[in-house]
Amino acid sequence: MTDLLAHLNPRQREAVLTTAGPVLVLAGPGSGKTRVLTHRVAYLIRELGVEPWRIMAVTFTNKAADVMRERTEALVGDEHRTSGLVLGTFHRLCARFLRIEAVHIGLNPRYVILDAEDQLEVVKQALNDLNLDEKRFPPRALHAAISRAKNELMTPADFPIATYRDEIVARVYERYQQRLQAGSALDFDDLLMQAVLMLRQHEDILAAYRRRFEYILVDEFQDTNTAQYELIRLLAGGYRNVFVVGDEDQSIYRWRGADFRNVLRFREDFPDAKVILLEQNYRSTQTILDAANAVIKANRYRTPKKLFTDRGRGPAIVVYRAYDEHDEAEFVLGEIERLTAAGEVRPGQCAIMYRTNAQSRTLEEAFVRRGMPYRLVGATRFYSRREIKDVLAYLRLIQNPDDEISLRRIINVPPRRIGATTLNRLSQWARELGLSTYRALRVLAGAEEPPAAARERRHPFTKASLAPLLDFYARWQEWIELRGAVSPGRLLDRVLESSGYRDWLRDGTEEGEERWQNVQELRNVAAAYEDMPTDMALPALLEEVALVSDVDDLKETAEAPVLLTLHAAKGMEFAVVFITGMEEGLLPHSNALEDPESLEEERRLAYVGITRAQDRLYLVYAFRRTAWGRSDLAQPSRFLIDIPPALTTDKPLPRRRVASQRPAVVIPGGIHFQPGQQVRHPQFGLGIVITSRRMGDDEEVSVAFERVGIKRLLVSLARLEHV
DNA sequence: TGTTTCGACGTTTTT
DNA sequence: CGTCGAAACA
């Protein structure tokens, strides 16, 4: 027991040893949160003899769950003793509970899980059903509203209606749910909401889960939403041995319904909770912590914390003003090369972070140009590639033939002469018979007795459209019958072959080969389910792939810098961190500028980024940035300005090709343009100078152009002429 | 029914 | 700039 607690500080030790009753741990970045969680689980199992299956631990990502399992096993020393541990993300655990209890709550246990793209598709179908115009009611916005409602545990009937738009949302929401139900499908938010509703409505189930989970642990508690909070509150209601760890300063998922005020709610719901503060940081230098503090202290709604470290001051933070995004990328890569050449860090210990995924492109191009390897988190995710989604749709149809979303996706992929008209007729006819599309097809094929309605209403298909339908049904049925007999991998092989998908995909082009490679990769994933009982394997595979995130498959082994969004960076640490795009409109993002609460979240995002760094931090912004094909001047981020100059060094503006090619027409120190003067620009044409001011060695003018309106320009770069 | 081309429009962040 | 949807065509 001593060795388990040996490398913990007194606060951490207290967090591990307080096993009875509710505990709230407020853990600053780098304060050993993961260590506390793993040691606590190990302590429960090893020292208190708690059965692992009576412990539930919830993490934010699958990767965090994997790390936790691995380290806990190492601490317990015997992997058999941790094997029953219930550990995973909220979504994954709920998916499992729902699958197990499905029969008791009237849910099809073969339900499929919809991803974001599928969800949008269903919203569009719902709009269509209701004869509403997509242009007037953007599906994205409607889906966001539905998602928000679900995270607040509101059913369509509960949805409050104050405006005409609410009325629309409520109706679309209702129709959307009907469609999901008809296809035995759940979306991400349903996983949480349905789990909560199950526990609320079935006392016996709730009682059983409460009896089972003697100990509950929750990581990243500040990012729980109402549904997740409620789930924990319900489950913890029995033993009340609930242990939550969070940091309100790192709450960055408000847009997803997360509310760090759940920390406050927890203290109200569990007034006897012991509160433990972890303020000692083991990750970063004092310089980095000071910068982080300087940024976060402007937030109003937070408990002040005093992070400290004994790691010493370390090097100053480098603030770099790049000319544009290309220069930004060159600078970052140059620094990585410099530091790695000096032997100071390994490339894999470097991370480049940004606010939006779109920013990764310029960086990637720079890596490719230099022939340097890199690891990218996110962007085009593997599981959202077209070919992968197609193949998964086939598998989902086999798992759950009622899944009409998947059916619509692949019934004519590869082309089988089943067009939109035929498909619509089919689902229309199925609806009239009160059957799912699959069962309507069965009736059509004579595999099932037609219901009374079908005798009055003959099927509406022409000979030409009937044949392909029957052919498709025959293959589909064959796969379904294979379902229980062979492993998912074998099933996949069979489907790829007899659906014609393989031959269709491999059309001889390079792109086709690449896509086929991706399918092969999915085949490899499926191969991991070889040993599982066949009836369990397919559902397990589909659940697995529906719930993985980008962060999860970041390969630890590859020795290359990581490119990732600030959101994806949460929970990670790197020796050297570059935060790029430190500009107004990007960080903070322009969409957040209006709303003070969003602005606070942007600040937390900056804080999360800064505190990922162990040794060196670079904050980079560009003078000019091209977005959407338009190049515009940028202002340094307000967060940059909050960092005391004493903590930073400024790198001088680089001698850039562009700048040197075009000798400066400005004499340093002078002002060459006065308000009111007429000027000409090679692109923008004629204009009048509005203002002019010094910018370092340069002169910045704003000019009202006749054609394009007001532009801000640097005199050294814009070839402005007096007229 | 399938393919091509053009125009409008848009992006924050993700389980 | 890129994707998506509708119209125009084969």
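Reminder, nothing fancy here: chain letters follow the sequence lines and each chain counts from 1.
Taking 4.0 angstrom as the limit, T61(A) places none of its side-chain polar atoms (N or O) nearer than this to OP1 or OP2 of dT15(B). For dC1(C), the OP1/OP2 oxygens have no side-chain nitrogen or oxygen of T626(A) closer than 4.0 Å.
When each of R603(A), R604(A), R302(A), K570(A) is paired with D249(A), the salt bridge (charged side-chain N to carboxylate O under 4.0 Å, His left out) condition holds for R302(A) and for no other.
Taking the six-membered ring where the residue is Trp, W429(A) and H459(A) present perpendicular rings, their angle passing 60° and hence far from 30°.
The distance between atom CD of Q359(A) and atom C1' of dT13(B), rounded to the nearest whole Å, is 11 Å. Atom pair L469(A):CG and dT1(B):P shows a separation of 10 Å (rounding to whole Å applied). Rounded to whole angstrom, the span from the CG atom of L564(A) across to the P atom of dT14(B) amounts to 9 Å. Atom CD in E602(A) sits roughly 11 Å away from atom P in dT13(B) (whole-Å rounding). Spacing between atom NZ of K570(A) and atom C1' of dT15(B) amounts to 12 Å, rounded to whole angstrom units. A straight line from NE2 of H91(A) to C1' of dT14(B) spans 9 Å, rounded to a whole angstrom. Separating the CG atom of L605(A) from the P atom of dT13(B) is a distance of 11 Å, rounded to the nearest angstrom. The interatomic distance linking I146(A) (CD1) with dT15(B) (P) rounds to 21 Å, in whole Å.
Considering only side-chain atoms of R361(A), the nucleotide from dC1(C), dT15(B), dT14(B) that sits closest is dC1(C). Side-chain atoms of W255(A) lie closest to dT14(B) of the nucleotides dT11(B), dT14(B), dT15(B). Here dG2(B) is the nucleotide among dG2(B), dT13(B), dC1(C) with the atom lying nearest to any side-chain atom of P415(A). Candidate nucleotides dG2(B), dT14(B), dT11(B) were compared by shortest atom distance to the side chain of R140(A), and dT11(B) ranks first. The side chain of N412(A) lies closest to dG2(B), out of dT14(B), dG2(B), dT15(B). Taking the side chain of T421(A) as heavy atoms from C-beta on, and the options dT1(B), dT15(B), dT14(B), the nearest nucleotide is dT1(B). Taking every side-chain heavy atom of N357(A) into account, dT13(B) is the closest of dT13(B), dT15(B), dC1(C).
Nucleic acid contact class of R604(A) (heavy atoms, under 4.0 Å, all strands): none. Within the 4.0 angstrom heavy-atom criterion, only backbone atoms of the sugar-phosphate kind lie near T422(A); the bases stay farther away. Residue-level contact check: R92(A) touches neither bases nor backbone, having no heavy atom under 4.0 Å from any strand. As judged by a 4.0 angstrom heavy-atom cut-off over every strand, S590(A) is placed among residues making no nucleic acid contact. When heavy atoms are screened at a 4.0 angstrom cut-off, R254(A) is found touching no nucleic acid atom at all. Residue contacts for N151(A): at a heavy-atom cut-off of 4.0 Å it reaches no nucleic acid atom on any strand shown.
Residues N151(A) and R148(A) have side chains that never bring a donor and an acceptor to within less than 3.5 angstrom of each other. Side-chain N/O atoms of E248(A) and Q250(A) include no donor and acceptor closer than 3.5 Å. Side-chain contact check for E101(A) and Y209(A): at least one donor-acceptor pair (N or O, by modelled atom type) lies under 3.5 Å. Side-chain atoms of D259(A) and Y229(A) form no donor-acceptor pair, as typed in the model, at a separation below 3.5 Å. Side-chain polar atoms of Q359(A) and T356(A) form a donor-acceptor pair below 3.5 angstrom. The closest side-chain donor-acceptor pair between R254(A) and S598(A) falls under 3.5 angstrom.
When each of I418(A) and N591(A) is assigned the nucleotide of DNA chain B bearing its nearest heavy atom, the one mapping closer to the 5' terminus is I418(A).
The heavy-atom pair separating A393(A) from R409(A) by the smallest distance is CB-CD, 3.9 Å. Residue T422(A) comes nearest to F461(A) through the heavy atom pair O-CE2, 3.7 Å, listed as atom of the first residue, atom of the second, then distance.
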Which atoms of nucleotides 3-10 of chain C (N or O only) lie under 3.5 Å from a protein N or O atom, and what are those distances?
from   : atom 1 : to      : atom 2 : distance (Å)
dG5(C) : OP1    : K124(A) : NZ     : 2.8

Bracket notation of DNA chain B in which parentheses pair within the strand, [ ] cross earlier pairs, and | pairs with another strand (Watson-Crick or G-U, under 3.5 Å):
||||||||||.....
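Comparing dC4(C) with dT13(B), their P atoms are spaced 15 Å from each other, to the whole Å.
Side-chain N or O atoms of D118(A) include none that pairs as donor or acceptor with a backbone N or O of L114(A) at under 3.5 Å.
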